[in-house]
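First the proteins, then the strands, lettered A, B, ... as listed; each starts at 1.
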Amino acid sequence: MCGVCGCSHQGEHHHDHHHHDHQHGHGHGHTHAPHDLVRIEKDILAKNDAYAMENRERLKEAGVFAINLVSSPGSGKTTLLVKTIEMLKSTLSVVVIEGDQETSLDAERIRATGVPTVQINTGRGCHLDAHMVGHALDSLPLKRNSILFIENVGNLVCPAGFDLGEGRKVTILSVTEGDDKPLKYPDAFAAASMMVLSKIDLLPHLDFDVGRCIEHARAINPDIELLKVSARSGAGMVGWIDWLINAAERAGRTEGAAHVHA
Amino acid sequence: MHEMSIASALVDQVCDQAASLGAARVAEINLKMGVLNGISRALHFCWPSASRDTLCEGARLNIDEVPLTVLCTHCDAVKTPAALYNFRCPDCGRPTPKVLTGREMQLVSIGLVPPNQDAARARPGTMPDPGSAEPMVENPK
């Protein structure tokens, strides 16, 4: 299919703006010259996947459970994270990678809780990638039975496609965003193994239908787990913390296996 | 917006290959792209800027879009859902989370112009029309 106009014409159909506009003045002769076809058959994101694999091995070796938190901007990720860290830090070591286009405002909020935090600014980038995360890991203390939270750039579209080497991808949806979001932004819910509904203390003031939202999410991803929380009222937080502690313990136990295969 | 990251990853991968094979430039790039990626149009759109000043500049991007198919374990058959992200069997209505095709994002092959060939074509004064779909004829009658 032609990617510009959406027509299904194959072969010699050209759009001028591909083949002319940008080429003037560059001095190349861009005809369809006779050329050798070389088969590659590799994933386009192979490089990111290789970095992700490296991160995953490294985290497994260290016994660290990593969670990639994905959501739209304003879903309450950072507030949830601050509250989570306050509840967790007496039980487990926590480290954080913060991803934002600009500023270190979020990292400052997290650092105020006393846990080691690295801020990544992606500039024009709309998501974190595995290479950035690998570098951030270099400056974090990775202890056994600990949790690494990777707060992705607030964006319900792009982060879904990039593996960072995490153990779990968790998509946070605040109830103020509407119960139709899983249908409208399916990739974020298809790629996640858990959906956390946040700000549930606001439900009495909204038309958000929790049952309908879950139905939508399960239509996209029948296996997706679900938790409902409010960082503000504390509702559901104990269940979330228990889930994190169990997951971190499981990750800590994989140490032996990682060494056997190493 | 992540099409730019994907385009850049593609440019890097293709340029590495082209350089290691000593090519003068890349003439075409063939991709397999599953419909669930939904970025074919966006990729075409950002391709000129992602490939500018690289061996990929001017290369034709051919995207073979792969349709969505799922496995229905109840019917024990490959099915095509009624719509993207409607992961249900169109016949029995049961959930079909197992996606068989539609998520691919693969670089299949690249067409490389050998250095000697490009030198002949880029001779001053014989610069071919960049938009011409026909192979250039050096000495037309």
Beyond-backbone contact of B:Gln13 with A:Ile40, side-chain heavy atoms, under 4.5 angstrom: yes

Segment of A:Asp129 engaging chain B (4.5 angstrom heavy-atom cut-off): neither

More than 12 heavy atoms of other groups within 6.0 Å of A:Asp138 CG: yes

Segment of B:Ile39 engaging chain A (4.5 angstrom heavy-atom cut-off): neither

Residue B:Asn30 versus chain A: region with a heavy atom under 4.5 Å: side chain

A:Phe208, CZ: over 12 other non-hydrogen atoms inside 6.0 angstrom: yes

Over 12 foreign heavy atoms within 6.0 Å of NZ, A:Lys169: yes

Toward chain A: residues of residues 14-23 of chain B with heavy atoms under 4.5 Å: B:Asp16, B:Gln17, B:Leu21

Heavy-atom side-chain proximity of A:Ile44 to B:Gln106 below 4.5 angstrom: no

Nearest-0.5 Å distance that lies between atom CG in A:Asn221 and atom CZ in B:Phe87: 9.0 Å

B:Val108 vs A:Arg39, side chain to side chain contact (heavy atoms under 4.5 Å, CB included): CA-CA, chis, key distance, verdict: CA-CA 6 Å; B:Val108 179; A:Arg39 291 203 79 77; 3.2 Å; yes

Closest non-hydrogen atom pair, A:Cys126 against B:His2: SG-N, 3.6 Å

More than 12 heavy atoms from other groups under 6.0 Å of NZ on B:Lys79: yes

Heavy-atom side-chain proximity of A:His35 to B:Val113 below 4.5 angstrom: yes

Under 4.5 Å from a heavy atom of chain B, the part of A:Phe162 involved: side chain

Interface moiety of A:Ala190 toward chain B, non-hydrogen atoms closer than 4.5 Å: side chain

Region of A:Lys42 in contact with chain B, defined by heavy-atom distances below 4.5 Å: both

